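First the structure, in the form of structure tokens, and then the observations on it.
Just so it is clear, the model here is predicted, and its values are computed rather than measured.
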Amino acid sequence: MKRRTLKFIEKGSGNKVPFLARFTLTQKIIAILLLIAALAGVSAYLLYVRTFGNAASIVLTTYENPGYEWEQIAADNNIMSNYLWGRTKKLMLGKGEDDLLIPTYYKIAGRLVSQPAESSEIYDLSDQAWLLDCYVYSGDAVAARNLKNRIVARFHSDSGLYVSLVGSKVTAEQKDLKTAEDNLAWLEAYLRYYCVYGTNRDFQEIKKLVNALFDDTGALRPEKLEIARYVDSLYYSLDDPRTADQEGESSLGEAYGVNVDGGNDTEDGNVTNLKEVTGVKLSNIKLPLIADLEKNGLIAGGAYDRALKIIKEGKDGDEVPYYAYAYEKTKNGINYIYSGSRAGTVDVGESIIVMGNLAKMKELDSNSYVALKNLIVNEGRIYGSYYIVTGNYGGNEVFRQYANALEIAFDMDDRDLYRAVCDCVGARVATKSSSPAIYMIFREQGGRYVFYASDNLGVRKAV
């Protein structure tokens with residue numbers, strides 16, 4: 001059998017004509033244009049992949065999320081993640097100078113005409129990181145991408161770090177503030193965003209941020225910290241600060257420090273008992289993040305083991321169940337600083353963050369965990385200070401740590417603690433059907449209902 005070829009095609013007359021002769025000039029031009037367009041498309045795609053596509057594959061550790069049984073415990077306390085998320089977006093976004101960023105808090109209108117609804121007009125980097133996490137979790141690619149671009153534009157600085165606060169009400173002293181805490185929160189969220197929607201530009205930005213936060217050994221770079229200073233006083237007492245005689249001697253907390261919110265406890269009204277050190281907060285040693293950075297070659301090998309050792313040695317035996325506030329490097333090695341903003345105490349809120357990092361990696365010791373559980377179950381709230389000498393609790397309630405406590409309870413597979421934390425949070429869930437903030441978590445301050453981004457986004461992520 002003879003092989004057919006495509007070089008010539010027979011027409012009715014029997015004459016053989018070239019293949020291209022079958023087409024008109026117009027058809028040839030269209031075909032050429034289509035070919036050029038296809039080549040241009042391929043070239044554009046390759047350029048996109050090279051310039052904007054993922055430059056490297058980053059694999060993050062995946063952790064189990066609460067299932068139906070845990071969600072039901074939360075729902076019994078009116079904590080419903082999807083409703084909370086939807087209402088938070090509706091109430092808090094688009095209410096200030098930047099429609100994409102979430103303000104630190106939002107006050108709904110009060111009963112008086114002189115109490116209109118108001119936004120803080122301050123935007124915290126950590127809050128934006130949590131917001132980005134929620135967008136990625138819900139699969140909202142457009143909102144996530146727009147928010148990421150706005151954060152880079154508004155918060156980025158030439159140092160590689162991001163400023164902590166922006167907004168019209170940020171003071172001159174605050175506008176250039178850059179903390180490791182905020183930048184680490186942003187790095188965690190940025191990495192999760194990158195793994196789903198990221199580009200090469202994002203990867204380069206992440207590497208700059210990692211280099212700004214970590215040194216060549218994979219350790220966090222120290223920063224300036226203010227800590228409480230012990231001072232000589234005639235008003236020293238070991239009384240429980242909640243039961244001490246108000247007309248007698250001052251309590252340990254009153255004589256030796258400022259409270260967790262930066263207010264002043266000294267009699268003369270001056271913050272004279274703080275000093276500055278250069279160190280690293282233990283709460284900033286994010287063990288899950290460090291493990292992922294090391295696994296993906298973004299920081300030096302062995303960084304996780306060294307970080308875990310530092311944290312575990314930051315707990316002074318079993319007598320004090322909580323962890324040190326920070327550490328500093330001295331000529332004699334590592335020096336742990338136990339008192340942060342209030343001398344003679346351990347900052348419970350900071351310690352809960354440390355415990356959360358340990359629990360995520362299955363490294364949390366039972367002594368610390370039992371102390372936290374007893375505090376929440378017995379007191380029905382989380383006090384900010386643990387007094388080292390007396391073993392009592394005091395100080396302000398640390399509202400933003402309830403989300404971390406929920407995660408600890410889940411990671412420890414403790415439904416009783418999870419239920420106790422949900423009881424604490426549920427008491428502050430808006431349930432009035434006519435409220436614009438129904439299903440959101442509030443704080444009552446000065447007779448007003450205030451809704452903090454950290455409370456609502458943190459619980460949304462935890463449940």
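- With hydrogens and angles ignored, the 3.5 Å screen pairs a side-chain donor or acceptor of Thr345 with a backbone N or O of Arg342.
- Judged by distance alone, the side chain of Glu294 and the main-chain N or O of Ala303 form a donor-acceptor pair under 3.5 Å.
- Side-chain atoms of Tyr323 and Asp365, non-hydrogen and from C-beta on, do get closer than 4.5 Å to each other.
- Contact between Leu132 and Ala189 at its shortest, heavy atoms only, is CD2-O, 4.0 Å.
- Note: Asn183 CG to Ser159 OG = 7.5 Å, rounded to the nearest 0.5 Å.
- For Glu64, the CD atom sits in a loose shell: 12 or fewer heavy atoms of surrounding residues, nucleotides or ligands are nearer than 6.0 Å.
- Ring orientation note: the planes of Tyr449 and Phe442 are nearly perpendicular, at an angle over 60° on the 30°/60° scale.
- In summary, the side chains of Tyr452 and Gln445 do present a donor paired with an acceptor at a separation below 3.5 Å, with no hydrogens or angles considered.
- Scanning all heavy atoms of the two residues, the minimum distance from Thr278 to Glu328 falls at O-CB, 3.5 Å.
- Annotation for Val421 and Ala405: closest pair CG2-CB, 4.0 Å, computed over non-hydrogen atoms.
- Looking only at atom types and distance, the side chain of Tyr369 has a donor-acceptor partner in the side chain of Asp414 under 3.5 Å away.
- Side-chain contact between Leu225 and Lys281: present, with at least one pair of heavy atoms (C-beta onward) separated by less than 4.5 Å.
- Heavy-atom minimum distance, Ala291 versus Tyr304: CB-CD1, 3.9 Å.
- Remark: the backbone N or O of Asp411 is paired with a side-chain donor or acceptor of Lys362 at under 3.5 angstrom.
- Judged by distance alone, the side chains of Tyr194 and Glu205 never bring a donor and an acceptor atom under 3.5 Å apart.
- Remark: Glu319 CD is loosely packed, at most 12 non-hydrogen atoms of other residues, nucleotides or ligands lying under 6.0 Å away.
- When side chains are defined from C-beta on, Leu131 counts as touching Leu93, because their heavy atoms get closer than 4.5 Å.
- Under a 3.5 Å cut-off, the side chain of Ser339 and the backbone N or O of Gly344 do form a donor-acceptor pair.
- Here the side chains of Pro103 and Glu121 are not in contact, with every heavy-atom distance at 4.5 Å or above.
- With hydrogens and angles disregarded, a donor-acceptor distance shorter than 3.5 Å links the side chain of Arg221 to the backbone of Phe214.
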Practice prompt. Using the salt bridge (charged side-chain N to carboxylate O under 4.0 Å, His left out) rule, take Glu223 and Lys178 through it: C-alpha gap first, then chi angles, then the decisive distance, then the call.
Written response: CA-CA 10 Å; Glu223 61 180 336; Lys178 305 178 189 72; over 6 Å; no
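- The closest side-chain heavy-atom distance from Phe155 to Leu165 is not below 4.5 Å.
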Discussion item. Please evaluate residues Ile438 and Arg87 with respect to the criterion side-chain contact (heavy atoms from CB on, under 4.5 Å), reporting the C-alpha separation (whole Å), side-chain torsions for both, the decisive distance (0.1 Å), and the verdict.
Written reply: CA-CA 7 Å; Ile438 185 172; Arg87 187 60 61 172; 3.7 Å; yes
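- When only modelled atom types and interatomic distance are considered, Glu397 and Tyr402 share a side-chain donor-acceptor pair under 3.5 Å.
- Interatomic distance, Lys315 NZ to Asn367 CG, rounded to the nearest 0.5 Å: 4.0 Å.
- Other residues, nucleotides and ligands contribute only 12 or fewer heavy atoms inside 6.0 Å of the OH atom of Tyr68.
- Remark: side-chain polar atoms of Gln128 are paired, donor with acceptor, to backbone N or O of Asp124 under 3.5 angstrom.
- In this structure, Ser283 contributes its side chain and Val354 its backbone to no donor-acceptor pair below 3.5 Å.
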Item to complete: Would you check, one step at a time, whether the test side-chain contact (heavy atoms from CB on, under 4.5 Å) holds for Val429 with Ile79?
Response: CA-CA 7 Å; Val429 173; Ile79 305 169; 4.0 Å; yes
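- Using a 4.5 Å heavy-atom cutoff, the side chains of Leu375 and Tyr322 are in contact.
- Going from atom CZ of Arg419 over to atom CG of Asn77 covers 9.0 Å, rounded to the nearest 0.5 Å.
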Worksheet item: After noting the C-alpha distance and the side-chain angles of Ile408 and Leu372, does the key distance pass the side-chain contact (heavy atoms from CB on, under 4.5 Å) rule?
Response: CA-CA 10 Å; Ile408 292 172; Leu372 175 63; 4.0 Å; yes
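- Of the possible donor and acceptor atoms, none in the side chain of Ser351 sits under 3.5 Å from a partner among the backbone N and O of Asp347.
- How far CD1 of Ile337 is from NZ of Lys275: 7.0 Å, rounded to the nearest 0.5 Å.
- Contact check for Ile151 versus Leu101: side-chain heavy atoms found under the 4.5 Å cut-off.
- The two residues Ala403 and Ala462 come nearest to each other via the heavy atoms O-CB, 3.7 Å.
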Give every donor-acceptor pair under 3.5 Å between a side-chain atom in residues 138-150 and any protein atom, sequence neighbours left out.
{"residue": "Ser138", "atom": "OG", "partner": "Cys134", "partner atom": "O", "Å": "3.0"}
{"residue": "Ser138", "atom": "OG", "partner": "Tyr135", "partner atom": "O", "Å": "3.1"}
{"residue": "Asp140", "atom": "OD1", "partner": "Ala143", "partner atom": "N", "Å": "3.2"}
{"residue": "Asn146", "atom": "ND2", "partner": "Val142", "partner atom": "O", "Å": "3.3"}
{"residue": "Lys148", "atom": "NZ", "partner": "Asp202", "partner atom": "OD1", "Å": "3.0"}
{"residue": "Asn149", "atom": "ND2", "partner": "Arg145", "partner atom": "O", "Å": "3.3"}
{"residue": "Arg150", "atom": "NH1", "partner": "Asp98", "partner atom": "OD1", "Å": "2.7"}
{"residue": "Arg150", "atom": "NH1", "partner": "Asp98", "partner atom": "OD2", "Å": "3.2"}

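- Remark: Arg415 CZ to Phe410 CZ distance equals 8.5 Å, nearest 0.5 Å.
- Between Tyr83 and Tyr439, the two ring planes are parallel [angle under 30°; tilted spans 30° to 60°].
- Taking all atoms of both residues into account, the shortest heavy-atom contact from Ala437 to Leu91 is CB-CD2, 3.8 Å.
- In terms of modelled atom types and a separation under 3.5 Å, the side chain of Ser164 and the main chain of Thr179 share a donor-acceptor contact.
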Fill in: From CA spacing to verdict: side-chain contact (heavy atoms from CB on, under 4.5 Å), Glu313, Ile334
CA-CA 10 Å; Glu313 292 180 353; Ile334 289 180; 5.9 Å; no
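- Side-chain contact check for Arg460 versus Tyr137: some heavy-atom pair is nearer than 4.5 Å.
- Looking at Asn296, its side chain does come within 3.5 Å of a backbone N or O of Val59 through a donor-acceptor pair.
- For the atom pair Met440 CE and Thr88 OG1, the distance stands at 4.0 Å (nearest 0.5 Å).
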